[in-house]
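Single-structure report; data block below.
Worth saying up front: this structure is predicted, and the values here are computed from it rather than measured. Order of the sequence lines fixes the chain letters, A, B, ..., with proteins taken first and strands second; residue numbering starts at 1 for each chain. Excluded from the calculations below are hydrogen atoms, water molecules and symmetry mates; all remaining heavy atoms, backbone and side chain alike, are included.
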Amino acid sequence: MFEFIPNTPEDQRKMLAEIGLKDVQELFDDIPKEILNKFKPTSLEPLSEFEAKQLLSTLAQDNANTDDYVSFLGGGIYDHYVPSSIPHLISRGEFLTCYTPYQAELSQGTLTWMFEFQTMICELTGMEVANSSMYDGGSALAEAMLMAKNITERKKFLVARSINPHYWDCLKTYAWGAGLELIDVPFTEDGRLDRAFVQKEVASLAGLIVQSPNFFGVIEDLTGLKDAIKEAFLMVSANPISLGILAPPGVFGADIVVGEGQPLGNFQNFGGPLLGLFATRMSYVRRMPGRMAGRTVDMDGKTGYVMALQTREQHIRREKATSNICTNQALMALVATIYLAMLGPHGLRRLAEINLQKAHYLAERISPLPGFTLRFSGPFFNEFVVQSRKKPARILKALREDGFLGGIDLAPYGVLDGNNLLIAVTEKRTRDEMDRFVKVLKRT
Amino acid sequence: MFEFIPNTPEDQRKMLAEIGLKDVQELFDDIPKEILNKFKPTSLEPLSEFEAKQLLSTLAQDNANTDDYVSFLGGGIYDHYVPSSIPHLISRGEFLTCYTPYQAELSQGTLTWMFEFQTMICELTGMEVANSSMYDGGSALAEAMLMAKNITERKKFLVARSINPHYWDCLKTYAWGAGLELIDVPFTEDGRLDRAFVQKEVASLAGLIVQSPNFFGVIEDLTGLKDAIKEAFLMVSANPISLGILAPPGVFGADIVVGEGQPLGNFQNFGGPLLGLFATRMSYVRRMPGRMAGRTVDMDGKTGYVMALQTREQHIRREKATSNICTNQALMALVATIYLAMLGPHGLRRLAEINLQKAHYLAERISPLPGFTLRFSGPFFNEFVVQSRKKPARILKALREDGFLGGIDLAPYGVLDGNNLLIAVTEKRTRDEMDRFVKVLKRT
Amino acid sequence: MGTTIFDIGEEGRSALRLPALDVPEKNLTELIPAEFIRKEDAKLPQVSQIEVVRHYTKLSRMNYGVDNGIYPLGSCTMKYNPRINEDTARLPGFASAHPLQGEELSQGALRLMYELGEYLCAIGGMDAITLQPAAGAHGELTGMLLIKKHFERTKGLHKRTKILLPDSAHGTNPASAAICGFEVVHIPSDSRGLVDLEALQAHLDDSVTGIMLTNPNTLGLFETDILEITRLVHDVGGLVYYDGANLNAIVGRARPGDMGVDIVHYNLHKTFSTPHGGGGPGAGPVAVVKKLEPYLPVPRIVKDGKKYSFDYERPHSIGKIHSFYGNFGVLVRAYTYIRMLGDAGLKAVSTNAVLNANYLRARLSKVYKAPYDRICMHEFVLTTKGMSEELRTLDVAKRLIDYGVHPSSIYFPLIVPEVMMIEPTETVSKEELDQFADALIKVAQEMKENPQILKEAPHVVPVYGASVRRLDDVRAAKEPILRG
Amino acid sequence: MGTTIFDIGEEGRSALRLPALDVPEKNLTELIPAEFIRKEDAKLPQVSQIEVVRHYTKLSRMNYGVDNGIYPLGSCTMKYNPRINEDTARLPGFASAHPLQGEELSQGALRLMYELGEYLCAIGGMDAITLQPAAGAHGELTGMLLIKKHFERTKGLHKRTKILLPDSAHGTNPASAAICGFEVVHIPSDSRGLVDLEALQAHLDDSVTGIMLTNPNTLGLFETDILEITRLVHDVGGLVYYDGANLNAIVGRARPGDMGVDIVHYNLHKTFSTPHGGGGPGAGPVAVVKKLEPYLPVPRIVKDGKKYSFDYERPHSIGKIHSFYGNFGVLVRAYTYIRMLGDAGLKAVSTNAVLNANYLRARLSKVYKAPYDRICMHEFVLTTKGMSEELRTLDVAKRLIDYGVHPSSIYFPLIVPEVMMIEPTETVSKEELDQFADALIKVAQEMKENPQILKEAPHVVPVYGASVRRLDDVRAAKEPILRG
Ligand SMILES: Cc1ncc(COP(=O)(O)O)c(C=O)c1O
Ligand SMILES: Cc1ncc(COP(=O)(O)O)c(C=O)c1O
């Protein structure tokens, strides 16, 4: 018998008797014989838990990780410290093993934190309403685009070329699927959106998609953008940690704010599971994708929470739904909720400041090095692009040998000429690590 | 403010007002000034959780561990596999952060598993009653000795020299404290207790202390021992895993059975926390040390559990208590309970068989090697002594370089002449690991 | 109840000390233009660590999960989530790996993904796979994009605009198809609860891109005509998309690939035991037949000798549909599970999932009406229609809560009125099945004898059970309060 | 309720697959004589993994821990247990280290123990330490053995037979002393609740080995005469043992070593935040003044340059009192905690522990009788004596449960009738203190207005609260059922 399956042969015998069958094979009589006869197994033998653990440990050891390496990798996924309380709390079976809160009375825990999460995301982004998660930053941006298309009934989108190219790739896929037109907006020498370009393309525009801090770490100037594009949607993808010090997109008139929520207490997980953030104006709430919790009362008038505005969703609205999303990234949203609760307003601000200060410390030490220059002049948050004389691959190799994950070689993305390295600095990086990092750069 | 202390300056102000004080210093006015003035701090600066984690990780990396090394170490602590479910379940705050179940109605979880644990230990040992834990195998044995002294009102104890020398050291300390006489019983060439010696010392004997499998891994012959020592106490320390295949001490008439419960799903923890097992006859229950849960009913007649027979314990009986134990090793007993529930009767038996078979596989491959012989001829469970021509320290060093924790050098214990290595084999050791182990031995 | 973290705490508290700033601190406005700086802090909670732990511990206790008892949501496969999965997924080499650390430093992760892909292909009888989709619906969308790409490449897109969908389909199916601009055509079910072959044929022509088929379907019935269906669709040049949400019914003994399907998505959070996490994350890998392989999302994971790498050079790929490689942590869990089960275990899964469902069906169809009363697969539907004038299935579900068990799915599929859709999974014991059946039978009795108690259900009960009484959904819709 | 794991499952189920036996299997009787082989398997439960997880999840929900709310057990210091402690203790280098792997491969563990010893000595103002004792009582026993050794070495043991103990002492104190054969002499408390100096003096002569003193004592009062007491005891050649269970009151601002004590034990599971685990494990390190150092248990951890090692060569040592080095995993937790707090944090602990206790005392002494109504330290006592004819403190405690909070310690110390001993610790918020005080004040009112409700308490309540009604202790004592 298998540890995960309680039925014993005796149990099976009793159950078959109740059903009125002789053999479990009969349960599958509806499956055509041709199909059953073609079946081929995988040839995998069962493993004990111990053997499986050994196998998986071996695989895991075959990957670098940011416990063993000192990481300056960012590009959307950051090596922030995950407080111990978080994995402990989210591992509680009642959080981990429940599903979508279909039965509200048995799901007040989930519904309550969803409500908390929505509130926090509104606070961070300066928006009026947030959903309880999307798949990731990339698909959240794509969903924003689809929502803008649905509301504006237009198909033309401007996309800042300075957004994360991984998101840009996702946008392209979704846009092709939905028959939308994407126009790249170039960036200027300071690493920011070319506003003049935007001005020229406002006609019949569905929306403008911009990211701040952008892929290069540069903080975009969002002032006046909404005015410039008028009724077209201003969609901003933001790093939630940066919102500890940066003015929220909401104050610049953004219509939709999205972002990647991984930095909010989630592990890097080799890029998934992640957490798509999504917030908008209350006036668009019924056109918004994703699940939401809403506050209500029970039969005794006591406060409680339910899933709200489900009539937007696919299980009711089907092909007319605001989105096809069903299973989302709930557990990661719970992580973010606990993380933000732990930090509080002052903690989040200070965390953002520490990231900012440390990134500038490193940038200032790299920029005077011969063979290295800062690529952009615009203000940046916790990430910046360094242009190098030598090939990034060579530099990264040298760094790796000294125990550093040194940054991201931007060559494969084709957005920048020459040799460029994207370097991120979080609160985990110490001065000593940065000084050693600079020493290695000097040597190469 | 500190993350573990909620009070803000404002909270403090309000509370002081309620108390009628001006300053927190006044709370400490009862402490004589001479004392306060002598105070010297530790000079430790506070650390953030991240910094503490880094520091502790550095310390942890400075230790070998049986994930990174292939371990053949035993001698009371064994490298068995700990199923994942166990750390997950015992980490639930309701198990981890509660204390002794003083308020039974808020502690039915703890009291129920205590009751389950007691039942399981009775089943394993073949005894009638068990307590819910002692500190460790060594102190459990010492407590057995004290209990035998109290009941027999005698002071002379025979102690098999083949018991774990670490326990033997504990017995010596306790015996000296309590004014008891310990007489060592030698072992014969097969590694077992010299029964003839016992026969000669029966007069005015309080008890005989024996361990099986003993320190050398050899299974003692308990048959007829109780008859030989008559009303004196037969006290047996047993490895609980071995009881999957070995006849329980209870069937040989043991009066008290103790043991080290670490092998039952507990991590090795560099030797602590451990789990002292303790079981005896029902007729001695009121003289037994340690906490117990008992079954009863509530006001509605529903089954529930309470702490039973507390009148034996120090908080009521004070200097006349059966023991001074208060805080015990509850969480480790919960681990053992879950572990035994997971294995079940067949699993435990099979686990014991696997240990036995693998240990014999290795022993048979070592014994023909030139320069190595099995030290004892007696039957053994999952551990055995190998006598070597070369110094064990040299052999262990060679093994270590190949990634093995090769066994325990018995030289420091002074119980055996010559070069001796104690080698343990658990279900985690694969044939491949053992074959490689033997190759290294060959080379040395 | 109703208390949020915002209702707790005091100005100035915090639950986490940050590492000290060990570099010289500059004036903020030296680094960022003042107009970009936030004026007012986000209004986040201000709580100490113990308050955080207590609050979320308490919230968790207001939930019911698989760990708390039977959770027979039809179409959701709420099976046991082995704890070993959590531990393997949290190994630092997986949890703390960065997606852009390079192939050379990611061989373990790549190998895991490559091998998991192979296993899933073998399990499904398919040729190639992408692990990128983050959930079933995401997989469906990927599938629709693949179909679109196929017809774009084969120059059929101008006339092919429709997608066929049985009326018992899950809502994500039409919603996913709609994103790609396909026109959804619903195919009715026949009296057997299966695709009405005649109706299908009536819609089959060269305007059709294909069909989305859930099998076993959401009534828990195997589409016995599936070979005929796939043949018919192929005959008009269409493709067959197989929604594998219900794979638990056949895993280890039958393969979609052997049924003539072109695309199939797997729900790793259903069939392969990864936890549902309160709504996610999941993973919805999509496997295809050989001819569709060129269209799969980039990057693909390829193996060359002993080396694994990402392949981005796929000119006909639909592109990326996830920021990185999908829900990798979920993939680790599914990999662990598949390796532990092996072939014998996988087969035991479907055997016992189907056995358990039929046992419940046999017991419950004596009391409730089973619209399709025959051997079912891993799940089945019942209805309360006609059992009471005043009571609805909702009332039955809420009353079940009072018995300490979780209700089944209700009001889905849409084609059965007042439906309960019951999927026990293979990981519940016969005793738990009996407990659930006993409760449901008791409630049927109460429907007659004490309707009021159903209307007022759930009641607040200790240890397990509801933490509030029945909640007002209407109010939440009319005056939505969506943030604190 | 009442269900044990033995009531669950079926013959043949198991929750864990074992690794395959990959060596040739021999006949059992070839390896072990038949008469040593077990005839009948132990009757253990037979359950699948999900049944294990569900059962223990359910049991946990019938418990109340620090994570669930205020837990003001006097003398137990039920403070918050930081989760980081659990993670550091489970690092493989700690959790999976074998105690006999050798000094060379254990430098991290040795350094941790060495440094923790240094910190504890500094905190206590003492000279040397052993970390071996597994709990407070184990530390007491160690202390008694040290005293015995001291007088054995100084040839005083023949006449020195007594140990003095204030009547407010914890039960472990006399029990520990008794194991060493010391005669326990109880010293009464005076009207201040402190050691009666005259009574003490009356007992002081050269038959005395020393005194065991808890400070602050179990009434929550600082022994203001402590300098006088230690001097008097020293004057007759006795030693002073300081029970440091209540160190939380003074940590970071006053040190036992500065009070003239010779031996002190620490409870790491109280002052230093390690979790209580349902009753243990704890750790009870014992620190001493220089002259007693030679007697400390072996092995001691010593440092030579940068190398740490075990020192067994201590001819006058009392020997070993633990199989290995004590509850190492608990030491890791305490080390983590001390390093995170630093001096400022340690001082904040005592400040707020004492502040919280006094705040509660101020609020509650208006309603209950405070036998010693003055500024207290980290805890204080109240009595219900005289408040009701028919009700006892037990009833008050049980009724508190209905309000979702954990009662305080009751009926200890023995010298106050119908006592409640309340220790909130520094980790509860003012709001939680108020919630507790409000509940206790409400119960005082109910004592008058509705005594019956107290007698029937606790009632079974949802989410938190009792899972059974009041249990019959007497029956459990009369007819003990101690196993299933
Ligand atoms: C039949 C069916 N198809 C598709 C889905 C969508 O899967 P997901 O929720 O993972 O997006 C579901 C989910 O419940 C389903 O039951
Ligand atoms: C004052 C006092 N001394 C000693 C002890 C015994 O400590 P332990 O339970 O750790 O053995 C306690 C425990 O509660 C105590 O309160």
Side-chain angles (χ1 to χ4, degrees), chain B residues 6 11 15 19 27 30 38 41-42 44 46 56 59-60 62-65 67 73 89 92-94 97-100 105-106 108-110 119 123 135-136 138 169 173 177 267 269-273 294-296 298-299 303-304 314-315 318-319 321 324 327-328 330-331 341-342 344-345 361 431, chain D residues 2 15-16 22-23 41-42 45-46 56 59-60 62-67 88 91-93 95-99 105 108 122 134-135 137 171 174-176 178 184 222 258 276-282 319-320 323-324 327-329 342-343 354 359 362 429-430 466 468-469 472 476 481 483-484:
Chain B
D11 289 329
M15 290 159 79
I19 302 166
L27 293 166
D30 272 354
K38 281 191 185 159
T42 64
L44 292 172
L56 273 288
L59 291 178
D62 235 358
N63 299 312
N65 69 74
D67 290 352
L73 294 172
L89 287 167
R92 287 182 59 86
E94 296 92 334
T97 70
C98 65
Y99 204 9
T100 308
E105 295 84 358
L106 285 181
Q108 287 299 294
T110 297
T119 309
E123 281 294 330
Y135 300 135
D136 63 357
D169 283 342
T173 307
F267 288 106
N269 289 326
F270 200 59
R295 184 177 270 163
T296 186
D298 77 357
M299 282 174 109
T303 300
Q314 40 70 28
H315 64 282
R318 301 182 75 80
E319 59 266 34
N324 68 334
T327 294
N328 55 18
L331 202 67
M342 290 188 76
Y361 175 88
R431 183 177 184 155
Chain D
L16 190 72
D22 59 358
V23 303
D41 284 344
Q46 305 198 39
Y56 291 101
L59 287 193
S60 77
M62 290 155 49
N63 269 359
Y64 182 110
V66 172
D67 282 7
T88 54
L91 288 166
S96 298
H98 189 285
L105 295 181
S176 300
V184 174
F222 195 92
D258 298 329
H276 284 81
K320 276 176 74 120
S323 304
F324 298 99
N327 281 343
F328 176 75
D343 283 317
V354 173
Y359 176 69
S429 65
K430 177 171 176 299
V468 288
R469 298 199 53 205
D472 187 344
I481 307 176
R483 53 156 297 178

Among the options B/A321, B/G177, B/G93, pick out the one with the most heavy-atom pairs lying under 4.5 Å from chain D. B/G177

Do D/Q46 and B/P345 touch side chain to side chain, with heavy atoms closer than 4.5 Å? yes

Compute whether any side-chain donor of one residue and acceptor of the other, for D/S323 and B/Y135, lie under 3.5 angstrom apart. no

By a 4.5 Å heavy-atom criterion (distance strictly below it), what part of B/Y361 contacts chain D: side chain, backbone, both, or neither? side chain

Hey, which of D/A15, D/A362, D/G93, D/G279 has the most heavy atom pairs under 4.5 Å with chain B? D/G279

Pair D/S176-B/N324, side-chain donor/acceptor within less than 3.5 Å: yes

Determine the option with the most heavy-atom pairs under 4.5 angstrom with chain D, choosing from B/N328, B/D169, B/T100. B/N328

For chain B, which candidate among D/P92, D/G342, D/G277 shows the most heavy-atom pairs at distances under 4.5 Å? D/G277

Tell me, do B/E94 and D/D67 make a side-chain contact under 4.5 Å, heavy atoms counted? no

Under a 4.5 Å heavy-atom cutoff, which of B/D11, B/T119, B/T296 has the most pairs with chain D? B/T119

D/K320 versus B/T173, closest heavy-atom pair with distance: O-OG1, 2.6 Å

Between B/R92 and chain D, with a heavy-atom cut-off of 4.5 Å, which part of the residue counts as in contact: side chain, backbone, both or neither? side chain

Part of D/L91 lying under 4.5 Å from any heavy atom of chain B: side chain

Under 3.5 Å, side chain of D/N327 to main-chain N/O of B/G272, donor-acceptor pair present? no

Is it the side chain or the backbone of B/I19 that comes within 4.5 Å of chain D heavy atoms, both, or neither? both

Partner chain D: residue of B/G138, B/P46, B/C98 with the largest heavy-atom pair count (under 4.5 Å): B/C98

B/A64, B/P41, B/A341, B/G344: which one forms the most heavy-atom pairs within less than 4.5 Å of chain D? B/A64

Does any non-hydrogen side-chain atom of B/F270 lie less than 4.5 Å from one of D/H98? no

For residues B/T327 and D/P281, determine if any side-chain heavy atom of one lies less than 4.5 Å from a side-chain heavy atom of the other. no

Checked D/G319, D/A134, D/A42 vs chain B; the most non-hydrogen pairs under 4.5 Å come from D/A42

